[in-house]
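First up is the structure itself, then whatever we jot down about it.
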Amino acid sequence: MAREPVVSRAPEIVEEEERALRPQRIRDMVGQGDVTARLEIALDAARKRSEILGHILFDGPPGLGKTTLAMAVPREMGVGFQIASGAALQAPKDLIPYLTNAEENSVLFIDEIHRLPKVVEEFLYPAMEDFRIDITLGDGMNARTINMALRPFTLIGATTRAGLISAPLRDRFVMREHLEFYTLDELSEIVRRNSRKLNTEIVDEACREIATRSRGTPRLANNRLRWVRDYATSKADGRVTLPIADAALKMQGVDPLGLDGQDRKYLQTIVHTFHGGPAGVEAIAHTMNLPPDTLVDEVEPFLLRAGLVIRTPRGRKVTNSGYAHLGLEAPEEPAQGNLF
Ligand code: ADP
């Protein structure tokens, strides 16, 4: 999902570092205090009653910790864990091995759960509700359906598009938690902790600068930190100072608000091709030669949150702040928005 060229290292090293940076336990997570507090209570209650934990749905933009939380839950409960992706489960038969392999009380995590086709969703309902599935054997005249019992399990779903989840599926989750962008203080703390894990010396101002330019997203903060560290090693003595962090991020095309080339191109496309908007997301995506999903999932959430664009019934519009960010003068009667 990361859309940035991260670092010039071998993929195994990047993967190993990712693992090292991912908080293992819920208490290791920075921020999302309300979500983690509710989760701890649900876990504690399930443990005390020796009951299975109810199904949980996490939603929010990419890189905010949905997978991290989903992986921490089985660790807290001391149970098994399986991971699947909604995009890969295109027929009930794709889901069956996960359901039948699920150990008692284990966690099955389905990422991008909004991408499950309707037939798979419907197949999942009795599994979630009664821990049973109906399997059809043979076809045509000889087809027969058998009802199979499963071991009780907890389903954790993650989605960047809560709006695309059908009501019957949504209602089968006992807990539904929305993850929000992180504050500057929280992201600074993540950068500080992760510099230690990467054995990188860094000054507080540089932590804050990286945090400011990470669009409220821990995954980006980690990527930017790794790039800044490489830059410091290559161009200086490895210590990350404020000028080093600034120069490294500038070189990567990350501006003071944290927008990268793709974010700015999105704003420029609306301004130059669609006269500031309103413009439909399909048309913007087509002009930028990108899938609309990439814009909706990865680009727009932060720009909307930052008040650089707004959504109207007729499409996206660049706000006064959006024009100002591009160093352009807004036309008369532009859309209103606040830069936070
Ligand atoms: P998502 O599943 O929402 O796309 P991830 O859980 O994969 O996001 O998070 C991306 C990375 O960001 C993780 O590998 C982890 O290093 C970091 N991260 C996410 N949430 C937190 C947090 N609350 N505290 C510290 N690091 C975090």
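Remember, it's 1-based here, ligands and their atoms both numbered in the order they're listed.
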Should [X] be counted as touching ligand 1, given the test is an N or O pair under 3.5 Å?
X: Pro62; answer: no
X: Met29; answer: no
X: Glu18; answer: no

Who gets closest to [atom] by heavy atom: [options]?
atom: atom 14 (O) of ligand 1; options: Gln32, Lys197, Arg22, Glu112; answer: Arg22
atom: atom 4 (O) of ligand 1; options: Gly63, Gly60, Gly33; answer: Gly63
atom: atom 26 (N) of ligand 1; options: Ala158, Gly31, Pro61, Pro23; answer: Pro23
atom: atom 15 (C) of ligand 1; options: Asn222, Val30, Leu69; answer: Asn222

Problem set entry | Tyr266 versus Gln262, side-chain donor and acceptor atoms under 3.5 Å |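 There is no such pair (donor and acceptor under 3.5 Å, judged by atom type) between the side chains of Gln262 and Tyr266.
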
- Would you call the rings of Phe153 and His55 parallel, tilted or perpendicular if under 30° counts as parallel and over 60° as perpendicular?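 Aromatic pair Phe153/His55 classed tilted.
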
task: Any atoms of ligand 1 less than 4.0 Å from a non-hydrogen atom of Arg219? List them with their elements.
output: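 Numbered from 1, ligand 1 contributes 1 (P), 4 (O), 5 (P), 7 (O), 8 (O), 10 (C), 12 (O).
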
### Task
Under 4.0 Å from a heavy atom of Leu21: give me the atoms of ligand 1 that qualify, with their elements.
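Listed by number with element: 16 (O).
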
Tell me whether Tyr182 reaches ligand 1 (any heavy atom closer than 4.0 angstrom to a ligand atom).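 The answer is yes: ligand 1 sits under 4.0 Å from a heavy atom of Tyr182.
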
Residues [X], [Y]: salt bridge by 4.0 Å N-O rule:
X: Asp246; Y: Arg213; answer: yes
X: Glu17; Y: Arg229; answer: yes
X: Asp263; Y: Arg215; answer: yes
X: Arg192; Y: Asp204; answer: yes

Review point. Checking Thr294 side chain against Pro292 main chain: does a donor-acceptor pair fall under 3.5 Å?
Key: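 Flag not set: sc Thr294 to bb Pro292 has no pair under 3.5 Å.
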
